[in-house]
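Before any comments, here is the structure.
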Amino acid sequence: MAKEKLDFDQEEVRLKYRHTTSHILAQAVKKLWPEAKLAIGPAIENGFYYDFDLEHKFTDQDLNKITKEMKKIIKDSLPLEQFTLPREEALEFVKDEPYKVELIQDLPEGEIISFYKQGDFTDLCAGPHMEKTGQIKAVKLTSVAGAYWRGDSDRKMLQRIYGTCFPTQEELDAYLARIEEAKKRDHRKIGKEMDLFAIYEEGPGFPFFMPNGMIIRNELENFWRQEHRKRGYEEIKTPLILNEQLWHTSGHWDHYQDNMYFTKIDEEDFAIKPMNCPGSMLAYGRKLHSYRDLPIRMGELGQVHRHELSGALHGLMRVRTFTQDDAHIFMLPEQIKDEIKGVINFIDYVYNLFGFKYHIELSTKPEDSMGSAEEWAAAETALREAMEEEGLSFIINEGDGAFYGPKLDFHLEDSLGRTWQCGTIQLDFQMPQRFDVNYIGSDGEKHRPVMIHRVIFGSIERFIGILTEHFAGKFPLWLAPVQVKLLTVTEKFTDYAKAVAKELEEAGLRVEVDVRNEKIGYKLREARNERCAYIGIIGEREAEAGTLTVRSSKVGELGELSVAEMKEKLLKEIQEKAV
RNA sequence: GCUACUAUAGCUCAGUCGGUAGAGCAGCACAUUCGUAACGUGCAGGUCAUCAGUUCGAUUCUGAUUAGUAGCUCCA
């Protein structure tokens with residue numbers, strides 16, 4: 001075989017390569033368990049999977065056995081041959097594979113039905129594929145997990161084997177090492193190490209924030225308030241518990257009940273809020289508003305509770321109580337586009353500040369929704385046009401809107417590249433009608449305002465999780481729980497160290513001093529493990545010169561600085577919110 | 001919620017083919033007064049997640065429960 005260098009940078013090459021590997025996986029599984037029924041096996045980001053329906057439960061040992069079998073298939077370097085069949089013959093061909101039968105039945109009439117054959121194994125597949133199984137070099141089966149047939153939780157759960165593959169063993173090893181490295185940034189691990197937050201068995205999905213975590217949280221909230229004041233928002237706070245009737249009015253009773261917690265007060269039924277909007281509606285509706293006052297932008301750091309499925313909980317990323325940095329904007333119809341653009345730019349400003357990369361999804365009308373098709377179309381158009389006019393690209397997430405309106409979702413990545421919805425902008429024509437809120441127009445008549453729900457962080461909890469993984473715990477100075485830690489070389493310099501700490505503290509910095517009778521190497525190691533942003537070392541030289549020897553967690557040694565220089569440097573960095 | 005897996009000291013883990021458990025780090029005491037990632041000695045610390053069952057005896061085997069992990073479903 002002619003040695004042909006694979007261009008793995010090209011997406012179609014990667015997909016072809018991985019897809020062929022998934023066929024090899026299926027062939028190996030069929031060889032070992034001929035009774036296994038095949039579902040689907042696509043190439044995905046970073047690898048591939050194949051779904052099987054099989055009584056026997058795959059174990060980790062099985063993955064080794066399967067890998068051995070795959071290596072044989074690769075060694076045999078079987079050619080992959082495509083052929084097509086007319087529909088009836090195709091159905092006859094796969095009659096022992098019920099999932100394949102279903103797939104073929106769902107293909108439109110007249111579609112060419114394509115198969116790929118390698119050795120004694122044939123799979124329904126549109127391709128494309130590599131020419132020979134021998135072209136696959138380095139394979140690793142990574143995990144086995146359950147997955148519903150066709151992603152439908154009402155249908156059977158199949159066994160999914162995940163794997164990855166690369167043109168060389170070195171690339172595979174590098175990839176696996178990268179994953180291991182990324183796991184060290186996991187916010188659950190760092191959160192424990194830095195004592196940011198904790199979740200106890202007594203409250204699954206209900207995180208506790210520890211003092212270090214509270215510093216980050218409070219700094220984020222301060223920043224949030226400052227930025228919202230600049231942009232013409234006012235702040236309110238609405239109650240966590242409101243009576244059940246309110247949730248009938250809002251539509252949550254009909255559309256969101258399963259996710260809500262309820263309680264009783266004096267025999268009357270109350271609900272714990274899963275969203276802040278109904279409270280905001282009451283707040284807006286308590287007085288008459290003139291068209292001259294619109295838009296009204298009402299912000300709220302609102303804590304909500306939602307019954308998320310136990311299997312979905314994930315550190316701070318997916319919890320059962322979280323604080324949304326919410327706001328509801330009430331506006332005239334002609335203000336819609338500008339307001340949406342304002343929020344888009346606001347979100348972009350905040351995410352850029354942290355250096356996040358993000359992508360945007362436009363989520364359209366779900367099956368379970370309120371309002372007419374026309375209203376939904378108008379709302380979707382408004383969101384789409386605002387995006388297009390701002391020159392932003394986005395993907396469509398069909399049927400994933402909120403029950404009261406379509407939304408733009410802003411997704412951020414965690415350390416392993418999993419994306420989490422953070423910011424969202426939701427257009428809502430329903431809630432204003434349901435709560436019968438209005439404004440007085442220039443004609444002296446009542447009119448219905450349009451409303452936007454929006455969040456920037458999404459939830460403070462999730463955002464802190466993302467921040468933690470993004471910075472691997474080395475937070476920007478303005479967020480860092482410990483901004484400076486002073487270490488004394490011996491106890492002789494305790495007084496000087498405390499005087500320096502006092503001066504820095506008086507400038508508003510968060511300072512800790514380690515005057516313990518320990519070796520400097522030991523104290524330094526500990527301070528570094530704690531991810532202190534700056535470490536100041538104080539010994540004889542520094543005490544005499546009125547300085548400290550500084551090391552930054554991000555850029556390393558900075559040499560000797562006077563206390564005044566240190567103070568100025570850090571205050572500037574905080575002021576700039578440098579990352 | 002579903003499928004699979006996991007649960008031993010504050011943390012990271014070892015271990016018991018069934019006879020009630022260990023290490024390192026952290027903590028405490030003593031010693032050391034030291035210059036850039038771990039000084040030493042000693043002490044203390046565990047209902048082996050919970051509840052049942054089998055057994056003379058269960059941390060170990062079985063079942064249920066709870067919590068967690070990966071993925072699916074769902075969502076900020």
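Atom set for the values below is all heavy atoms of this structure, side chains included, hydrogens, waters and symmetry mates excluded. Note on naming: letters A, B, ... go to the chains in the order of the sequence lines (proteins, then strands), and numbering restarts at 1 for each one.
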Minimum-distance nucleotide (side-chain atoms of [X] versus [options]):
| X | options | answer |
| --- | --- | --- |
| A:K492 | B:C39, B:G35, B:C34 | B:C34 |
| A:A145 | B:A70, B:A37, B:C34 | B:A70 |
| A:L309 | B:G35, B:G1, B:U36 | B:G1 |
| A:K192 | B:A76, B:U12, B:U3 | B:U12 |
| A:Y522 | B:C75, B:U36, B:C39 | B:C39 |
| A:E201 | B:U73, B:A67, B:A76 | B:A67 |
| A:R160 | B:G71, B:C75, B:U36 | B:G71 |

What does [N] pair with, Watson-Crick or G-U, if both distances are under 3.5 Å?
| N | result |
| --- | --- |
| B:A21 | none |
| B:A49 | B:U65 |
| B:U59 | none |
| B:A44 | none |
| B:A9 | none |
| B:C72 | B:G1 |
| B:U16 | none |

Given RNA chain B, 5'-ward residue of the pair A:Q421 and A:R516, judged by closest heavy atom:
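The residue closer to the strand's 5' end, by nearest nucleotide, is A:R516.
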
On RNA chain B, check which nucleotide each of A:I538 and A:S143 is closest to and give me the residue with the more 5' one.
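The residue closer to the strand's 5' end, by nearest nucleotide, is A:I538.
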
Looking at [N], I'd like to know if its phosphate oxygens (OP1 or OP2) sit under 4.0 Å from a side-chain N or O belonging to [X].
| X | N | result |
| --- | --- | --- |
| A:K519 | B:U36 | no |
| A:H314 | B:G71 | no |
| A:K407 | B:A76 | yes |

Roughly how many Å is it from [atom1] in [X] to [atom2] in [N], rounded to a whole number?
| X | N | atom1 | atom2 | result |
| --- | --- | --- | --- | --- |
| A:D400 | B:U73 | CG | P | 11 Å |
| A:Y200 | B:A7 | OH | P | 22 Å |
| A:D495 | B:U33 | CG | C1' | 15 Å |
| A:K183 | B:U69 | NZ | P | 13 Å |
| A:E193 | B:A37 | CD | P | 19 Å |
| A:L408 | B:A76 | CG | P | 13 Å |
| A:L220 | B:A76 | CG | C1' | 15 Å |
| A:E526 | B:A37 | CD | C1' | 11 Å |

Can you say whether a donor on the side chain of [X] sits under 3.5 Å from an acceptor on the base of [N], or the other way round?
| X | N | value |
| --- | --- | --- |
| A:Y148 | B:G1 | yes |
| A:E542 | B:G35 | yes |
| A:E491 | B:U33 | yes |

Does [X] reach a base, just sugar-phosphate, or nothing at all? Heavy atoms under 4.0 Å.
| X | result |
| --- | --- |
| A:G423 | nothing |
| A:I520 | sugar-phosphate |
| A:T142 | nothing |
| A:K523 | nothing |
| A:S153 | sugar-phosphate |
| A:R418 | sugar-phosphate |
| A:Y162 | sugar-phosphate |
| A:R188 | sugar-phosphate |

Check the geometry between A:F58 and B:A4 and answer yes if their rings are stacked (centres below 5.5 Å, planes below 30°), otherwise no.
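It does not: the two rings, one from A:F58 and one from B:A4, miss the stacking criterion.
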
Whether A:Q159 side chain and A:V144 backbone form a donor-acceptor pair below 3.5 Å:
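Side chain of A:Q159 to backbone of A:V144, a donor-acceptor pair under 3.5 Å: no, none is there.
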
Mark yes or no for whether A:R320, through its side chain, and A:E308, through its backbone, hold a donor-acceptor pair below 3.5 Å.
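Side chain of A:R320 to backbone of A:E308, a donor-acceptor pair under 3.5 Å: yes, one is there.
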
Contact between A:L246 and A:M281 at the side-chain level, heavy atoms closer than 4.5 Å - yes or no?
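Contact flag for A:L246/A:M281 side chains = no.
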
Is there side-chain contact between A:F208 and A:I199, with heavy atoms separated by less than 4.5 Å?
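Side chain of A:F208 against side chain of A:I199, heavy atoms only: no contact under 4.5 Å found.
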
Separation of the [atom1] atoms in [N] and [M], to the nearest angstrom:
| N | M | atom1 | value |
| --- | --- | --- | --- |
| B:C34 | B:A67 | C1' | 46 Å |
| B:U54 | B:A14 | P | 32 Å |
| B:A70 | B:C51 | C1' | 28 Å |
| B:U3 | B:A9 | C1' | 33 Å |

Residue of the set A:Q421, A:Q426, A:H359 for which side-chain hydrogen bond (donor to acceptor under 3.5 Å, both in side chains) holds with A:D409:
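For A:D409, the side-chain hydrogen bond (donor to acceptor under 3.5 Å, both in side chains) check succeeds only for A:Q421.
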
Using a strict cut-off of less than 4.0 Å between a Lys/Arg side-chain nitrogen and an Asp/Glu carboxylate oxygen, indicate whether A:E461 and A:R217 qualify as a salt bridge.
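Judged by the 4.0 Å cut-off on N to carboxylate O distance, A:E461 and A:R217 do form a salt bridge.
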
Do A:S415 and A:K184 meet the criterion of a side-chain donor-acceptor pair at a distance under 3.5 Å?
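Looking only at side-chain atoms, A:K184 and A:S415 do not form any donor-acceptor pair under 3.5 Å.
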
When A:F463 is tested against each of A:F322, A:F356, A:W224, A:F223 for ring-ring contact (aromatic ring centres under 6.0 Å, His included), which residue passes?
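With A:F463 as partner, ring-ring contact (aromatic ring centres under 6.0 Å, His included) holds for just one option, A:F356.
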
